[in-house]
Amino acid sequence: MSNAKLSPSFYQRQDVVTIAQELVGKVLCTQINGEPVTSGIITETEAYCGRGDKACHANNGTRTDRTETMYQAGGIAYIYLCYGIHHLFNVVTNVENKADAVLIRAIQPLDGKKEMLQRRNKQNINPALTAGPGRLSQALGITTDFDGTVLKENTIWIEDRQLGSGSSLVATERIGVDYAGEDAKLPWRFYPQESNWVSQK
DNA sequence: CATTTGATGTTCT
DNA sequence: GAACATCAAATGC
């Protein structure tokens, strides 16, 4: 059962925080415009809940053209532009009209390292290549063009390669959400204790 | 080293 | 206009 793609039933569970924890160690893969597959181990995630979490774009039933994607059933990509420059990749979870999502903040490169270096205009493989939500999206060729894409092969998908869990997960406050008041303190950011591939240390 | 700043688009006031 | 789930380059020690 290695290389199993995660199925809709994985994403459509109710507890976005559990899903965020389980996504760490899974493998995010992309194949953009017929280019070689690029992939990496997910090393950092954050959970966002559409109900009672002020840090979430779709909190409190806020529906805009941008957040409409998050209200769809789990198992699709929610990608939006941050600070006018960076494409941030999220996995939509839960069922239709429950706007939960998991932000992927960092990966560790596996396949297609050459393509990732080209897309990032870098010479060497180090955490600056893919550790950070804007960085990994650029490395994998993810743009807002793929907002709402179903997570399946030949574009964007996630595999469970049964990689040993390695070290235990650390839970901390989320990054860059100070504006959310009390909700900014929720320990909904997860990464492996011993990984160097996280967005800040 | 740390801190500041410029880039840049979408959403909300 | 201001703020924003950011990054890289420039500036200041």
Side-chain angles (χ1 to χ4, degrees), chain A residues 11 16-17 19-21 23-24 28 38 40 42-72 74 76-94 98-109 116-149 151 156 158 169-191 196-201:
Chain A
Y11 302 109
V16 65
V17 176
I19 296 172
Q21 294 177 44
L23 279 175
V24 176
L28 175 61
T38 45
I42 297 171
T43 52
E44 185 179 353
T45 63
E46 286 181 4
Y48 288 84
C49 179
R51 297 162 310 288
D53 171 17
K54 287 200 280 293
C56 180
H57 293 156
N59 176 50
N60 214 12
T62 306
R63 293 182 94 119
T64 66
D65 287 345
R66 182 176 66 164
T67 61
E68 192 62 29
T69 305
M70 263 204 275
Y71 287 89
Q72 298 184 43
I76 65 173
Y78 168 52
I79 301 159
Y80 77 98
L81 203 56
C82 181
Y83 297 106
I85 300 176
H86 304 291
H87 304 263
L88 267 53
F89 173 74
N90 303 248
V91 176
V92 176
T93 71
N94 217 323
K98 300 225 175 146
D100 294 351
V102 177
L103 170 66
I104 309 299
R105 291 192 57 88
I107 63 169
Q108 178 177 339
M116 292 193 233
L117 287 168
Q118 274 179 9
R119 287 172 182 150
R120 296 268 300 129
N121 201 19
K122 296 269 183 192
Q123 315 299 319
N124 304 109
I125 294 175
N126 59 39
L129 184 67
T130 55
R135 292 165 172 172
L136 77 89
S137 298
Q138 187 182 9
L140 294 175
I142 294 171
T143 70
T144 53
D145 292 345
F146 300 100
D147 184 46
T149 298
L151 299 178
I156 303 173
I158 300 176
L169 278 190
V170 180
T172 63
E173 297 173 10
R174 291 172 291 180
I175 303 290
V177 294
D178 294 343
Y179 62 90
E182 285 295 303
D183 293 334
K185 299 187 176 133
L186 292 168
W188 283 1
R189 169 175 174 250
F190 306 102
Y191 60 91
N196 291 321
W197 298 85
V198 299
S199 60
Q200 73 170 39
K201 260 229 141 158

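In what follows, chains are A, B, ... by sequence order, proteins preceding strands, each numbered from 1.
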Take the protein atom OH of A/Tyr80 and the nucleotide atom P of B/dC12, then report the distance between them rounded to whole Å. 13 Å
Winner on side-chain proximity to A/Arg66, out of C/dA8, C/dC7, B/dT11, is B/dT11
Is the shortest distance from a Lys or Arg side-chain nitrogen in A/Glu173 or A/Arg189 to a carboxylate oxygen in the other one below 4.0 Å? no
The reported gap from CG in A/Asn90 to OG1 in A/Thr45 (rounded to nearest 0.5 angstrom) is 11.0 Å
Contact residues, residues 54-65 of chain A to DNA chain C [heavy atom, < 4.0 Å]: A/Ala55, A/His57
Are A/Phe190 and A/Val17 packed together at the side-chain level, in the sense that at least one heavy-atom pair is separated by less than 4.5 angstrom? yes
For atom CD1 of A/Ile104 and atom C1' of C/dT6, their distance in whole Å: 17 Å
Rounded off to whole Å, could you give me the CG-to-P distance for the A/Leu136 and C/dA8 pair? 12 Å
If you look at every strand shown and take non-hydrogen atoms under 4.0 Å, does A/Arg174 touch a base, only sugar-phosphate, or nothing? nothing
Just call it for A/Leu81: base, sugar-phosphate, or nothing, with non-hydrogen atoms closer than 4.0 Å on any strand. sugar-phosphate
Taking all non-hydrogen atoms of both residues, which atom of A/Tyr80 and which atom of A/His57 are closest, and how far apart? CZ-CE1, 3.2 Å
Between A/Gly176 and A/Lys122, just flag the one whose closest nucleotide in DNA chain C comes earlier from the 5' side. A/Gly176
Between C1' on C/dC7 and CD1 on A/Ile175, what's the gap in Å once rounded to a whole number? 14 Å
Report the residue from A/Arg135, A/Glu46, A/Arg105 that forms a side-chain hydrogen bond (donor to acceptor under 3.5 Å, both in side chains) with A/Ser199. A/Arg105
Could you check how far CZ of A/Arg120 sits from C1' of C/dA9, rounded to whole Å? 14 Å
Please report, rounded to the nearest Å, how far the C1' atom of B/dG9 is from the CG atom of A/Asp147. 14 Å
Measure from the side-chain heavy atoms of A/Ile85 and tell me the nearest of B/dA7, B/dT11, C/dT6. B/dA7
Among the nucleotides C/dT6, C/dA8, B/dT10, which one has an atom lying closest to any side-chain atom of A/Arg105? C/dT6
Whole-Å distance separating the CD1 atom of A/Ile142 from the P atom of C/dC7: 14 Å
Value for CG (A/Leu151) from CD1 (A/Ile76), rounded to nearest 0.5 Å, stands at 8.0 Å
So, A/Arg120 versus A/Gln138: side-chain donor-acceptor pair below 3.5 Å or not? yes
In this structure, how many angstroms lie between the P atom of B/dT11 and the CD atom of A/Glu68, rounded? 12 Å
